[in-house]
Each structure stands twice: as C-alpha cells, then as structure tokens.
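Since the structure comes first, as structure tokens, the remarks are kept for the end.
Numbering of ligands and ligand atoms starts at 1, following listing order.
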Amino acid sequence: MSLWGGRFSKELNEQFKEFNNSLSIDYRLAEEDILASIAWSKALVTVNVLSSAEQQKLEASLCELLEEVRINPEVILKSNQEDIHSWVENKLIKTVGLLGKKLHTGRSRNDQITTDLKLWCKKHITFLLDAIYKLQKTLIIIAEANQHSHMPGYTHLQRAQPITFAHWCLAYVEMLARDQDRLQDTLKRLNVSPLGCGALAGTTYNVDREQLAIWLGFSAANDNSLDAVSDRDYVLELLSNASISMVHLSRFAEDIIFFNTGEANFIELSDMITSGSSLMPQKKNPDALELIRGKCGRVHGALTAITMMLKGLPLAYNKDMQEDKEALFDALDTWLSCLNITILVLNNIEVKRINCQKAAEQGYANSTELADYLVTKGIPFREAHHIVGKIVIEASKQGISLKALKLSQFKEFSSLIEDDIYSVLSLESCLKKRNAQGGVSAQQVTIAINKAKKRLYNFSISHKT
Ligand code: ARG
C-alpha cells in the first residue's frame with residue numbers, strides 16, 4: 001500500500017508507478033533515513049506522542065534495520081516501495097505493528113528527504129576531503145623527489161621557460177587546496193537541520209528542533225520552514241565544487257597525457273594503469289587519464305541539469321526535486337573515483353629526467369635570460385627583446401642552442417655580450433633567478449613544499465581522529 005492510500009480509490013497505474021518511484025536511486029539514503037527516524041522518535045517522546053517504552057521499541061527495531069542495510073543495502077532494491085521513506089516505514093510496521101505507524105506523526109517526507117540527503121552529503125564530503133588530502137600528499141612526495149628534475153614550462157603548448165617537475169606538481173597541490181577549502185566552506189552552510197519543518201509550514205508538535213539538530217550532528221536548525229524544505233543550494237554547491245575540481249583533474253590528465261606522448265616522453269606510465277591496442281602491439285594508451293578528462297563533462301552536466309531543474313521552481317517542495325539525487329550521487333561518485341585514480345596514476349609514474357632535461361634545454365626556453373642580461377648591460381628591454389629574437393633566428397638556422405653559439409657570434413648582435421653570458425644561459429641559473437615568492441627557484445619550491453605540508457598537517461589534525 002502507498003503512504004497516502006486513504007484519499008485514493010483507484011490502484012496506481014503501473015507505468016506511472018514506475019515513473020514516480022525513486023527507490024532504485026534513494027535506497028542509498030537508507031542509513032540516513034533510519035538515523036533521522038531514530039532522532040525523530042526521540043523528539044516525539046518530548047511532545048508526548050510516544051512513551052519512552054514505545055520509543056525504545058521503535059529505536060531497537062530501527063537499529064536492527066540499520067544493521068541489515070549496512071550489511072546489504074541492495075536488499076532494498078528487491079522491494080517495490082515508492083521510495084526509501086516508505087520502505088523504512090513499511091519494514092518498521094512489519095516488525096513492530098501499529099506502533100510503527102506512529103513514527104510519521106508531525107513529519108513529512110519533505111523535511112525527511114532533505115534531512116537524509118544532507119546527512120548523506122556530510123558523509124560523502126568527508127570521503128572527498130580525505131581523497132583530496134591523499135592526492136595532495138602524493139603530489140608533494142613526488143615534488144620532493146623531483147626538485148631537481150628540470151623540464152620545459154609551456155604557454156600555448158610552446159616551450160616557454162624552464163621549470164621543475166616539482167613546481168608542476170605543486171601547481172596542482174594549490175588547485176586541490178582550493179577544492180578542499182571550497183568543500184569545507186560548503187559543509188558549513190549545509191550543516192543546518194531541516195528536520196521538524198514538516199511539509200512546508202512547520203510542525204504542530206512543539207519539538208526542540210535545535211536539540212534534534214544536535215542529535216543528528218548538525219550545528220543548528222533552519223530558521224524558515226519554507227526555505228528548509230525547498231533549499232537545494234547545497235546540492236548546487238557540491239556539484240559546482242565537483243565541476244571545478246574535475247576541471248582541475250582534467251587539466252592534470254591532459255598534462256600527463258602530453259608528457260606521456262612519444263613526442264614529449266617525459267614520463268613512463270606503469271603497465272598496471274595503461275591499456276594496449278587490440279591492433280597495434282607497440283601501443284600503451286593512457287586510458288585512465290583520458291577517462292578522467294572525459295568524465296569532467298558528465299560532472300558538469302549534472303550541475304547544469306540541477307541548476308535548470310531548480311530554476312523558477314515555486315516554493316516549496318515539488319517533485320521535480322526528486323531528480324537531484326541521481327545527478328548528485330553520480331557526480332560525487334565520479335569525482336571520488338577520479339581523485340582515487342589520479343592517486344593511483346601518480347603512484348605508478350616514472351619521471352624520465354634525462355628527457356625532461358634535454359627538452360628544457362631545447363626550444364630556446366632561456367631567451368628571456370639573454371634579454372634580461374642585455375638589460376643589465378643598459379639596453380632597454382624592448383630593444384633587448386628584439387636583439388634576442390634575431391639571435392634566436394640565427395641559432396635555429398644553425399640548429400643549435402643559444403649556449404652553443406660562440407662569443408664572436410653573439411657579438412655580431414651586441415658588442416655588450418661578454419663571456420659571462422654562458423653561465424647566465426645555464427638552466428640552473430634560469431631557475432635560481434626566479435626567486436620571488438611562488439617562483440621556480442629551489443629555495444621557493446622548498447618553501448612551497450613546507451607550506452603545503454603544514455597546511456596538510458593542520459587539516460589532518462582537525463579532520464582525522
Ligand atoms: N522521493 C522524494 C524526493 O526524492 C521524497 C519526497 C517526497 N515528497 C512528496 N511530497 N512527494 O524528492
């Protein structure tokens with residue numbers, strides 16, 4: 001029987017029933033629905049709807065159910081109940097009889113669903129924060145091991161200036177730190193309990209909603225019942241956090257895909273995380289990274305879908321909102337698995353230092369140094385830039401690097417160039433000079449590593465038990 005049988009005399013149309021049911025998606029909220037039900041049963045004692053003995057009986061039965069769904073959540077899928085709320089309530093009625101029917105006093109599925117979903121989000125935020133933490137840690141370990149692995153830095157996918165592999169790793173640590181920060185910020189706003197707001201106008205039972213919120217681990221209760229049951233900002237925020245972070249992961253994936261090409265050949269990906277071609281035996285494809293890059297679209301799609309679903313939706317609850325879970329679950333699952341796969345990729349990567357070094361030395365990535373050198377000799381930068389352009393043309397005509405030009409050849413372009421130019425053009429010197437905060441010098445990279453480590457340590461202190 002459905003939860004609202006009394007008013008209806010005809011059986012539900014099967015096709016509509018299937019269309020309307022959400023159990024195949026929201027069964028994942030079973031634990032949260034049970035925990036929120038236990039808290040609600042306690043609130044009902046305070047307003048004399050349930051006796052303590054009745055509440056204890058309900059709680060014991062709900063706890064048994066909790067064990068059951070923790071062991072095998074899929075068992076729920078065998079039922080043809082409409083949604084997770086009906087499933088829990090029906091199970092309860094089967095075990096404790098009429099008493100089970102008292103539990104829904106003063107609450108609505110409208111405050112229930114968003115309470116359950118918020119509890120689920122809180123749990124998944126901790127999984128995501130943990131994965132982001134581990135990924136940053138992995139990147140820092142690789143950065144530490146590659147502080148002296150030189151490689152070209154790119155703009156427009158053209159070799160621009162030399163950097164280190166460590167500096168590249170730390171760029172992603174920064175992005176992930178912001179992703180982490182955004183999630184923590186979302187959690188602050190999400191952590192408010194809607195339970196006890198009823199269908200839309202509040203509940204007629206004078207429950208202590210702040211107490212109820214604390215029982216469920218929320219920091220406070222919502223102040224407006226209409227808003228509480230209609231609000232899905234937290235879904236939007238999470239999807240937006242997921243989309244931004246997936247953009248970061250997709251850029252990481254693209255960089256690695258490029259580093260792994262035969263053309264760049266900066267890294268080697270382990271056989272364990274690559275796949276072969278069914279036709280071409282020489283190939284080792286970076287599928288894991290291509291999937292991460294590809295899944296970014298799907299996560300962003302979820303954000304667009306839910307934004308459009310909510311746009312113009314009148315207050316308060318509308319069934320449209322049932323659509324939020326499928327998109328949210330899929331996006332957060334995808335994000336989490338991409339974070340974990342990125343860790344796996346990094347743990348199975350070999351940096352080919354010699355190739356990186358060679359590439360850093362090619363491509364005239366030290367041209368800026370030559371221009372800066374001319375500036376120290378009193379030539380205005382614009383003019384220096386022009387002279388260096390000409391020198392680069394000459395060197396590339398000869399097919400050699402700037403360092404390989406003889407002093408006499410340099411002098412044809414500027415008599416101010418002396419023997420000291422060779423040390424200026426060395427990779428080491430290029431890197432060392434970029435020593436302002438955030439630069440690629442060994443000193444700055446060490447500072448950045450220590451800062452990132454400290455940030456992670458503080459995070460672990462506040463988030464781990
Ligand atoms: N399955 C519903 C959802 O996910 C639960 C809330 C149903 N409320 C209602 N008034 N029909 O949104």
Using modelled atom types only, decide if a donor and an acceptor are shared between the side chain of Asn20 and the backbone of Phe16 within a distance under 3.5 Å.
->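 Side chain of Asn20 to backbone of Phe16: no pair is present.
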Pairs under 3.5 angstrom, nitrogen or oxygen on both sides, ligand 1 versus protein: list them out, please.
from, atom 1, to, atom 2, distance (Å)
ligand 1, 1 (N), Ser22, OG, 3.2
ligand 1, 1 (N), Gln322, OE1, 2.7
ligand 1, 4 (O), Lys325, NZ, 2.7
ligand 1, 8 (N), Asn110, OD1, 3.0
ligand 1, 10 (N), Asn110, OD1, 2.9
ligand 1, 12 (O), Tyr317, OH, 2.4

Lys NZ or Arg CZ of Lys122 over Tyr234 ring: under 6.0 Å, within 45° |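 Pair Lys122/Tyr234 does not count as cation-pi.
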Please, which pairs that meet side chain to side chain donor-acceptor pair (under 3.5 Å) have at least one residue in residues 251-274, sequence neighbours excluded?
-> Trp168-Asp255, Tyr172-Asp255, Glu254-Arg293, Asn265-Lys352, Glu268-Lys284, Glu268-Lys352, Asp271-Lys284
Taking only residues at least two apart or on different chains, which pairs with a member in residues 295-317 satisfy side chain to side chain donor-acceptor pair (under 3.5 Å)?
->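 Sorted result for residues 295-317: Arg298-Asp330.
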Indicate yes or no: at least one non-hydrogen side-chain atom of Leu239 is less than 4.5 angstrom from one of Leu328.
->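 Leu239 reaches Leu328 side chain to side chain.
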How would you list all residue pairs meeting salt bridge (Lys or Arg N to Asp or Glu O under 4.0 Å) that involve residues 299-309, not counting sequence neighbours?
->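 Checked against salt bridge (Lys or Arg N to Asp or Glu O under 4.0 Å) - neighbours excluded - no pair reaches residues 299-309.
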